[in-house]
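Working notes, beginning with the structure itself.
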2 protein chains.
Amino acid sequence: MTTPAADWLRLDQQICFSLNAASRAFGGVYRVILKDLGLTYPQYLVMLVLWEHGELPVKRLGEHLRLDSGTLSPLLKRLEAAGLVQRERSAHDERSVRVRPTGEGLALRERAAEVPRRIAAATGFDLDEIQDLRARLDRLTAALDSATP
Amino acid sequence: MTTPAADWLRLDQQICFSLNAASRAFGGVYRVILKDLGLTYPQYLVMLVLWEHGELPVKRLGEHLRLDSGTLSPLLKRLEAAGLVQRERSAHDERSVRVRPTGEGLALRERAAEVPRRIAAATGFDLDEIQDLRARLDRLTAALDSATP
DNA sequence: CGCAATTGAGTTGTGCGCAATTGAATTGCT
DNA sequence: AGCAATTCAATTGCGCACAACTCAATTGCG
């Protein structure tokens, strides 16, 4: 039994819609949880990378997060204004700007430590389910990326 | 064997990041495919709902898409400027604005018919995998929504 | 060496997504 | 009927995402 051709355009059959809805639902949960830290969700992602890798150029940051300078430049400016990161031109390559967490930025890590647990609790999924879903999504992303050169 | 506490903040363990990345990867694919139709991805979602339901108020549209008037009002204005939809105040409830596809908007449905197939092809997933993933994501969204009242 | 091509940040412009607010219309309650 | 509470759309303001562009620094090639 196959799906009638007319139904292919039904909203509830579009995987991208479910994906988009889930992504925005996550946004809502993060907004609540991150409000205490004074971070938006994309800012939180940037801090995650900085906590993990320490100082690194905007370019590398963008590679980790799949974001370009058009998104990162203003975002980093806001993080700098908030006192969480510092930016300075690299000495031996004046094109590159290196970003590193300030003391305050590093201190924030302690307060962020409980965020993943609170998020996991909000999903109602157990760890195996989350890992499995992550794996599928990463495979999907890779396929979609290779389909758009 | 458990994950060290410090690793809980690792980017590659955050389900939300995989979700966000997949959502944006889809955005890239849709951008390419929808360019011919002159639609953005959110505009395409609106047209899907209108093709399926015909005329309906902004409120209902928002319920289908989980979007509020702050997002829909300007988006619908652009669709109206493009000649794809018409808006008019409801006769028996002057607060409500009813949206319906124009002839041109309805005609676009034919050209959009092949979009889902092209998207499905780009994912590299078979139909069962897509259905399964959709179901998981919808369950996730429901859980996240109920966690933020 | 000298100059073209490339690289890295930043800026501009457009379009979401969402909170907060406004203002008009409607409903509900007494 | 009269008035408060609610509902609906629109607007404002902010932040992200991305394309297109600028500009300076660097690389590479002849």
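Note that the coordinates shown come from a computational prediction; the quantities given were computed from them, not determined experimentally. Quick note on labels: first sequence line is chain A, next is B, and so on, each numbered from 1. Heavy atoms only: backbone and side chains are in, while hydrogens, waters and symmetry mates are out.
- In this entry the distance linking OH of Y44(A) with C1' of dG15(D) reads 19 Å, nearest Å.
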task: Let me see the working for L19(A) and L137(A) under side-chain contact (heavy atoms from CB on, under 4.5 Å), right down to the final yes or no.
output: CA-CA 9 Å; L19(A) 205 52; L137(A) 290 170; 3.6 Å; yes
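- Atoms CD and CG, from Q43(A) and L75(A) in turn, are 5.0 Å apart once rounded to the nearest 0.5 Å.
- The backbone N or O of V49(B) lies less than 3.5 Å from no partner atom in the side chain of E52(B), so there is not a single donor-acceptor pair.
- When the C1' atom of dC8(D) is taken as reference, atom CG of L56(B) falls 14 Å away, rounded to whole Å.
- Between Y44(B) and Y30(B), the ring planes lie tilted relative to each other; the angle falls in the 30° to 60° range.
- Going from atom CD of E94(A) over to atom P of dC23(D) covers 19 Å, rounded to whole Å.
- Ion pairing of E80(A) with K77(A) is absent here, as no side-chain N (NZ or NE/NH1/NH2) approaches a carboxylate O to less than 4.0 Å.
- E88(A) meets the side chain to side chain contact (heavy atoms under 4.5 Å, CB included) test with R100(A); sequence neighbours excluded.
- Atom CG in L79(B) sits about 13 Å away from atom P in dA10(D), given to the nearest Å.
- What separates CG of L65(A) from P of dA17(D) is a distance of 9 Å, to the nearest Å.
- In this structure, the side chain of R89(B) engages the main chain of R95(B) through a donor-acceptor pair within 3.5 Å.
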task: Produce a footprint string for nucleotides 9-19 of chain C: one letter per nucleotide, 5' end first; B if the base is under 4.0 Å from any protein heavy atom, S if only the sugar-phosphate is, - if neither.
output: BBB---SSBBS
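- Distance L39(A) CG to dC14(D) P: 19 Å, rounded to the nearest Å.
- Taking the centre and axis of the six-membered ring of F26(A), the NZ or CZ atom of R31(A) falls outside the cone set by 45° and 6.0 Å.
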field: Pairing pattern in dot-bracket form [Watson-Crick, G-U; both distances under 3.5 Å; | = partner strand] for DNA chain D
entry: ||||||||||||||||||||||||||||||
